Engineer: 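Shown below is the structure under consideration.
For reference, positions follow the sequence shown, starting with 1. All ligand and atom numbering here is 1-based and tracks the order in the structure. Computed from heavy atoms alone, side chains included, the values below leave out hydrogens, waters and symmetry copies. Bear in mind that the values here come from a model prediction, so they are computed numbers and not experimental data.
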Amino acid sequence: MIVTTDQLFRVAYGRFAVGAYNINNMEQTVGLFKGNIQSDAPFILQISRGARKYAGARMLEAMIRAAEERFPEAIYAVHLDHGDEETCYDSIDSGFYSSVMIDASDKPFDENVAITRRVVERAHAKGVSVEAELGKLGGVEEDIAVDESNAFLTDPDEAVKFVEQSGCDSLAVAIGTSHGAYKFSGSQGLHFDRIKAIQDRLPNFPLVMHGSSSVPQEEVKRINNAGGKLDPSAKGVDVNEFVKAIPLGVTKVNIDTDGRLVWTRVHREFFRDQPEEFDFRKPGTIYIDAYADFIAHKNEKLCSAGQLPVVREELSL
Ligand code: G3H
Ligand code: 13P
Ligand code: ZN
């Protein structure tokens, strides 16, 4: 059942983080539903502009509706990931999305506010909620001085002004993560002091952590052993840090890259070990189960595993 993102956030805030997973194709969609049912977890299914371009918005919608028929116990929200204004309006008007993200974080503060405000007005009129972004997600390197790297993090006072002026419902904050496989070097990690400072000024307001893949070294090693050429120093967020971020208001955790690594590992190993094969349904089937197990594992770390009965009860579903 599709619920609103706000409903999920209300149940989750301070208790667990809702995993927000990107989908692009049938195998990912089925694996995602399967993994969430396997772990009894609510989830956010998110669709990027790249996914809409690759598979088509209508194709994605049809796949999701078909997956729901197969997994009727699922409770989830549908979210547009990193939208521009035009894609936000298209998603809002489609009536299919629970929430949209307007990402104008590359614009100056006032422009970001103005764009977000316009999207909020259109979205709220249709019961859709809005995630916005403030700050710059970027690779935080060890050789950059702390002051310099902190300059990219979300400013807590600006966050308050931004939320008040834009009317957004949740905020993606820059707290040390970045997108993709190459995030940190050495001992860099999440800036908990910054998350706490934002929460102190915005109590009970859902914060969103982008770039939350952990890029497991074992996964990178297996991909490279099967012919891949990923940088072996690739490193992401320590999954054991999620539990510390939850009481600080991090309510949505975005994970995409790790799922791509699962796909790459399964397919590279399959064709390395069975070079005579060309039936893609065989590795596809292995991938669906591997992706489901991956989702279930992440949900354990996000503390969303086992929360479906709580969600059902609190939302009277
Ligand atoms: O943050 C971006 C997501 O990982 C989606 O990536 O735009 O390549 O689909 P994409
Ligand atoms: P990763 O690249 O760390 O998976 O982040 C995904 C994300 O933030 C999607 O919005
Ligand atoms: Zn993101």
Engineer: For Q38 versus A296, what's the shortest heavy-atom pair and its separation?
Structural biologist: NE2-CB, 4.1 Å

Engineer: So, is I255 polar-close to ligand 2, with some N/O to N/O distance under 3.5 Å?
Structural biologist: no

Engineer: For the residue pair V173 and V208, establish whether any side-chain heavy-atom pair is separated by less than 4.5 Å.
Structural biologist: no

Engineer: Kindly indicate, with the supporting measurements, whether the criterion side chain to side chain donor-acceptor pair (under 3.5 Å) is fulfilled by S213 and R260.
Structural biologist: CA-CA 10 Å; S213 280; R260 297 181 187 200; over 6 Å; no

Engineer: For S48 and H82, does a side-chain donor sit closer than 3.5 Å to a side-chain acceptor?
Structural biologist: no

Engineer: Could you give me a count of protein N/O/S atoms that are under 2.8 Å from the Zn ion (ligand 3)?
Structural biologist: 3

Engineer: Are any non-hydrogen side-chain atoms of F16 and N299 less than 4.5 angstrom apart?
Structural biologist: no

Engineer: When you look for heavy atoms under 4.0 Å from ligand 2, do you find them on the side chain of S212, its backbone, both, or neither?
Structural biologist: backbone

Engineer: Output the list of atoms in ligand 2 that are nearer than 4.0 Å to some heavy atom of N254, sorted by atom number.
Structural biologist: 5 (O), 6 (C), 7 (C), 8 (O), 9 (C), 10 (O)

Engineer: For atom 8 (O) of ligand 2, what's the nearest protein heavy atom and its distance?
Structural biologist: G211 N, 2.8 Å

Engineer: Under 6.0 Å between the ring centres of Y291 and Y287?
Structural biologist: yes

Engineer: Do M101 and E133 come close enough that some side-chain heavy atom pair is under 4.5 Å?
Structural biologist: yes

Engineer: Give the protein residues with at least one non-hydrogen atom closer than 4.0 Å to an atom of ligand 1, ordered by chain and number.
Structural biologist: N22, S48, D81, H82, H179, D256, R260

Engineer: Go through V100 and Y89 one step at a time and tell me if the side chain to side chain contact (heavy atoms under 4.5 Å, CB included) criterion holds.
Structural biologist: CA-CA 9 Å; V100 294; Y89 296 149; over 6 Å; no

Engineer: Any chance you could lay out the side chain to side chain donor-acceptor pair (under 3.5 Å) test for T87 and D90, step after step, and finish with the verdict?
Structural biologist: CA-CA 5 Å; T87 318; D90 188 67; over 6 Å; no

Engineer: Provide, to 0.1 Å, the distance between atom 2 (O) of ligand 2 and the closest protein heavy atom, together with that atom's residue and name.
Structural biologist: T257 OG1, 2.6 Å

Engineer: Quick one: are I44 and Y76 in side-chain contact, heavy atoms under 4.5 Å?
Structural biologist: no

Engineer: Answer yes or no: is there a side-chain heavy-atom contact under 4.5 Å between S214 and D258?
Structural biologist: yes

Engineer: Is it the case that the side chains of S166 and T116 hold a donor-acceptor pair, with the cut-off being a distance below 3.5 Å and no angle test?
Structural biologist: no

Engineer: State whether the shortest distance between N or O atoms of D258 and N or O atoms of ligand 2 falls below 3.5 angstrom.
Structural biologist: no

Engineer: Applying a 4.0 Å heavy-atom criterion (strictly less than), which segment of D81 is in contact with ligand 2: side chain, backbone, both, or neither?
Structural biologist: side chain

Engineer: Which atoms of ligand 2 are found less than 4.0 Å from any heavy atom of H82?
Structural biologist: 10 (O)

Engineer: Return yes if a side-chain donor-acceptor contact under 3.5 Å exists between K301 and N240, otherwise no.
Structural biologist: yes

Engineer: Hey, do the aromatic rings of F33 and F43 have their centres closer than 6.0 Å?
Structural biologist: yes

Engineer: Below 4.0 angstrom from a heavy atom of G180, which ligand 2 atoms are there? Numbered from 1 as shown, please.
Structural biologist: 2 (O)

Engineer: Decide whether an N or O pair under 3.5 Å exists between N22 and ligand 2.
Structural biologist: no

Engineer: With heavy-atom distances below 4.0 Å as the criterion, list the atoms of ligand 2 near H179.
Structural biologist: 2 (O), 5 (O), 6 (C), 7 (C), 8 (O), 10 (O)

Engineer: Considering non-hydrogen atoms of the protein only, which is the closest contact for atom 3 (O) of ligand 2, and what is the distance?
Structural biologist: K183 NZ, 2.5 Å

Engineer: Please tell me whether D231 and S233 have a donor and an acceptor in their side chains that are separated by less than 3.5 angstrom.
Structural biologist: yes

Engineer: Within 45 degrees of the ring normal and closer than 6.0 Å to the centroid, is that where the cationic atom of K126 sits relative to Y97?
Structural biologist: no

Engineer: May I ask you to list the atoms of ligand 2 that are less than 4.0 angstrom from any heavy atom of H210?
Structural biologist: 8 (O), 10 (O)

